[in-house]
Undergrad: 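This structure is in structure tokens; I'll ask about it shortly.
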Amino acid sequence: MRIDAIDKNLVVETEVTEPDLIWFNIEDAPFEICGVKFEEEEGLYTRMPKEAAERVSPGVTSVRRLTTGGRVRFRTDSTYIAIKAVMRNITPMSHMPKTGQTGFDLYRKVEGLEGGREMYYKSFIPPQGITEGYSSGKSTDGKYCDYTINFPLFDRVKALYIGLKKGSHLSAPTPYTIEKPIVFYGNSATQGAVASRPGNSYPAMIARMLDADIINLGFAGKAKGEFPMAEYIATLDMTAFVFDYDHNTPSEQNLIDTHWPFYKKVRETHPDIPIIFMTASNVKLLGNANYAGRGFLFTRREIIRSNYERALAEGDKNVYFVDGESLLEGEMWDTCTVDGAHPNDLGFFRIAQVIGGVLTKALKI
């Protein structure tokens, strides 16, 4: 017997039947799209331009189509909010919930509630077996406030339409407190593997902590510190830069060859922004002196630490070092991943606390 036949709270709607909805294309004003842009040639939302990605690698060219960090923002008092997502769904991942890989989630910011912090509201849950997108809708209390819809972490979006009740108000969102984005570059954990929903990746959590725009340039398995990627990131107008790609580099020598030039290229065009040197988080390191990969990760950590110390020695007063081994420390540290490497929601929360704290200090918030 299907579990949703036993517990009706687990039923996932397969179509939107709410009456009196007006559908809007998110490309039209007053909606604000952050973190992704529509690419006409491919008919998809992407995280970086095709021509820039092709200078990096075929892998980055492909993975840039996965919409982690994408958001659409708006204000409304509609008593119902629906989405109609046109997608090119990829094969479901074995170790990641569909709500994180393929789903959208809804946040809102209500004046006087939780200090005006953006808070989780509801999820638009994708049904099983979808290949070309889905529709979903949720009721609200009708308060006029800011809403954010987060895009999927590991799937491709061709178009997104938002349905609001006829007669409701719609306007542009309140600007972020930090309007220039914080840019994150790194591996699968940076991209969001394997959060239960889009708003639970650590860059998304930090965006809410600081009320900041973000750009997520996490590329699962493909972030290798290539210099063309550094050249592209250097062109972005940003508030801060966080980079963490050592786990994807094919060798220690490759990390030595790429990490310092990457930092220097970004610093060359952004002389004043905070830059965070981050190393891979791996729960297997904690409480396990015999873990076979310990030396591998320690060596890479020391390469990055030495570059941080070199930057300080050369007079850079706005660089910061975060030791990945410390990210998941604390009570119940062994519950912070799905598979010993990729964080779950608790793991992402702990990472966000550490990185968010460093950014708070660096940006003097």
Undergrad: With distance as the sole test, does Q191 use its side chain to make a donor-acceptor pair with the main-chain N or O of A220 at under 3.5 Å?
TA: yes

Undergrad: Is the ring centre of Y308 less than 6.0 Å from the ring centre of F321?
TA: yes

Undergrad: Using the rule that two of Ile, Leu, Val, Met, Phe, Trp, Tyr join whenever any of their side-chain heavy atoms come within less than 4.5 Å, decide whether L170 and I33 are in one cluster.
TA: yes

Undergrad: Are M87 and L44 co-members of a hydrophobic cluster defined by side-chain heavy atoms under 4.5 Å apart?
TA: no

Undergrad: Please examine the side chains of D244 and Y185, heavy atoms only from C-beta on, and report whether any two atoms are closer than 4.5 Å.
TA: no

Undergrad: Going by side-chain contact (heavy atoms from CB on, under 4.5 Å), T67 matches just one of V157, N216, L153. Which one?
TA: V157

Undergrad: For residues F262 and F227, establish whether the separation of their ring centroids is below 6.0 Å.
TA: no

Undergrad: What do you reckon, is CZ of F349 surrounded by more than 12 foreign heavy atoms closer than 6.0 Å?
TA: no

Undergrad: Please determine whether a side-chain nitrogen of the Lys or Arg among E42 and R156 lies less than 4.0 Å from a carboxylate oxygen of the Asp or Glu.
TA: no

Undergrad: Testing R108, R75, R208, R117 one by one against D146 for a salt bridge (charged side-chain N to carboxylate O under 4.0 Å, His left out), which residue passes?
TA: R75

Undergrad: List for me each residue that meets side chain to side chain donor-acceptor pair (under 3.5 Å) alongside Q353, sequence neighbours excluded, and say none if there are none.
TA: none

Undergrad: Are the ring centres of Y107 and Y121 closer than 6.0 Å?
TA: no

Undergrad: Closest heavy-atom contact between I303 and E252?
TA: CD1-O, 3.8 Å

Undergrad: Can you confirm whether more than 12 heavy atoms, excluding those of E111, are under 6.0 Å from its CD atom?
TA: no

Undergrad: Looking at every non-hydrogen atom in both residues, tell me the closest pair between P198 and N150 and how far apart they are.
TA: CB-CB, 3.6 Å

Undergrad: What pairs meet the salt bridge (Lys or Arg N to Asp or Glu O under 4.0 Å) rule with one or both residues in residues 216-237, with sequence neighbours excluded?
TA: K180-D237

Undergrad: May I ask whether Y202 and V358 are part of the same hydrophobic cluster, defined by side-chain heavy atoms of I, L, V, M, F, W, Y residues being less than 4.5 angstrom apart, directly or through others?
TA: yes

Undergrad: Does the separation of the ring centres of Y320 and F277 fall below 6.0 angstrom?
TA: no

Undergrad: Within the structure provided, determine whether F184 and I215 are in side-chain contact (heavy-atom separation under 4.5 Å).
TA: no

Undergrad: Using a 6.0 Å distance limit plus a 45 degree cone around the ring axis, check whether R301 lies over the aromatic ring of F298.
TA: yes

